[in-house]
Amino acid sequence: DTAVSQTPKYLVTQMGNDKSIKCEQNLGHDTMYWYKQDSKKFLKIMFSYNNKELIINETVPNRFSPKSPDKAHLNLHINSLELGDSAVYFCASSHLTTGLTEAFFGQGTRLTVV
Amino acid sequence: AQSVSQHNHHVILSEAASLELGCNYSYGGTVNLFWYVQYPGQHLQLLLKYFSGDPLVKGIKGFEAEFIKSKFSFNLRKPSVQWSDTAEYFCAVNALNTNAGKSTFGDGTTLTVKP
């Protein structure tokens with residue numbers, strides 16, 4: 001019973017392509033996030049959605065577009081992929097309305113742009 | 001804006017040595033504090049958290065952390081490390097009433113435990 005699941009786990013693609021990463025959580029949480037972890041292991045938030053509404057949008061190129069069809073899903077679409085987009089992308093969720101601010105992370109998607 | 005600073009980028013210890021990893025944050029208001037661990041090739045998992053109450057919190061696998069409000073610190077400790085503790089450790093802070101639940105992470109500390 002995976003709490004936060006992401007697909008795919010690995011993604012290798014060429015520059016200029018468009019790709020999507022899917023995320024689903026079965027914890028009943030109301031808030032979901034996308035984090036990017038670079039090669040130095042630095043972890044930076046990209047987006048956050050609360051009940052399908054965008055609440056955090058950090059300085060991220062507009063080639064990255066999150067979509068939340070419902071509060072259990074937060075997908076990440078990336079247009080015109082660049083070499084610098086290579087990283088591990090983590091989806092996470094938390095339950096803010098109950099004050100549960102700790103994040104539960106998915107397994108990560110290792111994106112390699114060649 | 002909140003920020004988190006982890007003082008040690010890479011720590012190398014022998015088994016049974018004691019561990020202390022430093023974490024300081026900058027935010028004047030009420031915070032939730034966390035330590036996460038990332039084992040090689042895996043996702044982040046929560047080690048322990050501080051919300052309120054006793055400033056000394058105990059987590060899984062024998063880890064503990066102490067919140068010292070006056071020093072804006074939340075250092076992680078373990079009396080005796082094991083080889084299996086080799087991992088990346090992240091301190092994180094969530095400033096309540098701001099940033100809608102966003103946790104700001106430190107840059108991480110790589111812990112290598114030699115058998």
Side-chain angles (χ1 to χ4, degrees), chain A residues 2-7 9-10 21 23 25 27 29-60 71 74 87-110, chain B residues 1-6 8-11 23 25 27 29-53 57 59-60 65 74 86-112:
Chain A
T2 305
V4 182
S5 60
Q6 299 177 224
T7 54
K9 190 172 181 181
Y10 300 97
I21 308 172
C23 179
Q25 54 95 4
L27 297 167
H29 288 170
D30 58 9
T31 306
M32 297 183 71
Y33 313 83
W34 277 109
Y35 284 85
K36 179 181 180 181
Q37 186 175 46
D38 63 21
S39 57
K40 294 183 179 179
K41 302 283 189 177
F42 298 154
L43 199 64
K44 301 296 182 201
I45 191 165
M46 301 172 68
F47 301 103
S48 174
Y49 271 72
N50 178 262
N51 287 318
K52 302 195 298 176
E53 185 178 339
L54 180 67
I55 55 172
I56 295 174
N57 185 352
E58 294 294 300
T59 307
V60 175
K71 69 177 189 177
L74 181 61
V88 181
Y89 292 84
F90 286 100
C91 177
S93 71
S94 64
H95 202 61
L96 296 188
T97 51
T98 60
L100 193 70
T101 55
E102 68 201 72
F104 291 75
F105 284 83
Q107 296 284 338
T109 296
R110 183 173 294 276
Chain B
Q2 69 230 40
S3 65
V4 180
S5 173
Q6 292 183 236
N8 318 99
H9 183 61
H10 195 175
V11 173
C23 174
Y25 66 94
Y27 181 71
T30 304
V31 293
N32 290 164
L33 296 160
F34 310 91
W35 276 97
Y36 291 86
V37 61
Q38 185 178 26
Y39 297 105
Q42 295 191 24
H43 64 293
L44 279 81
Q45 304 168 48
L46 184 69
L47 261 184
L48 47 78
K49 62 188 178 186
Y50 172 80
F51 283 5
S52 63
V57 292
I60 60 172
F74 190 56
T86 295
E88 193 81 18
Y89 291 82
F90 293 92
C91 181
V93 61
N94 188 301
L96 300 185
N97 301 321
T98 67
N99 295 319
K102 177 181 82 170
S103 285
T104 299
F105 284 79
D107 288 341
T109 297
T110 303
L111 172 64
T112 302

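Please read these numbers as outputs of a predicted model, since none were measured by experiment. Numbers restart at 1 for each chain; the letters A, B, ... are given by sequence-line order, proteins then strands.
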- Which heavy atom in B/Gln42 sits nearest to a heavy atom in A/Phe90, and how many Å separate them? O-CZ, 4.2 Å
- Message: Can you tell me which portion of B/Leu44 sits under 4.5 Å from chain A's heavy atoms? Options are side chain, backbone, both or neither.
- Response: both
- Message: Please classify the contact between B/Gln45 and chain A as side chain, backbone, both or neither, with a heavy-atom cut-off of under 4.5 Å.
- Response: neither
- Item | Engaged part of B/Glu88 at the chain A interface, taking heavy atoms whose separation is under 4.5 Å | side chain
- Note: B/Phe90 and A/Gln37 closest approach over all heavy atoms is CZ-NE2, 3.4 Å
- What distance separates B/Tyr36 OH from A/Phe105 CZ, expressed to the nearest 0.5 Å? 5.5 Å
- Query: Charged N to carboxylate O below 4.0 Å: is that the case for B/Lys49 and A/Glu102?
  - Reply: yes
- Query: Would you call B/Asp107 and A/Leu43 a side-chain contact if the rule is heavy atoms closer than 4.5 Å?
  - Reply: no
- Greatest number of non-hydrogen atom pairs under 4.5 angstrom with chain B, of A/Arg110, A/Lys41, A/Lys44, falls to A/Lys41
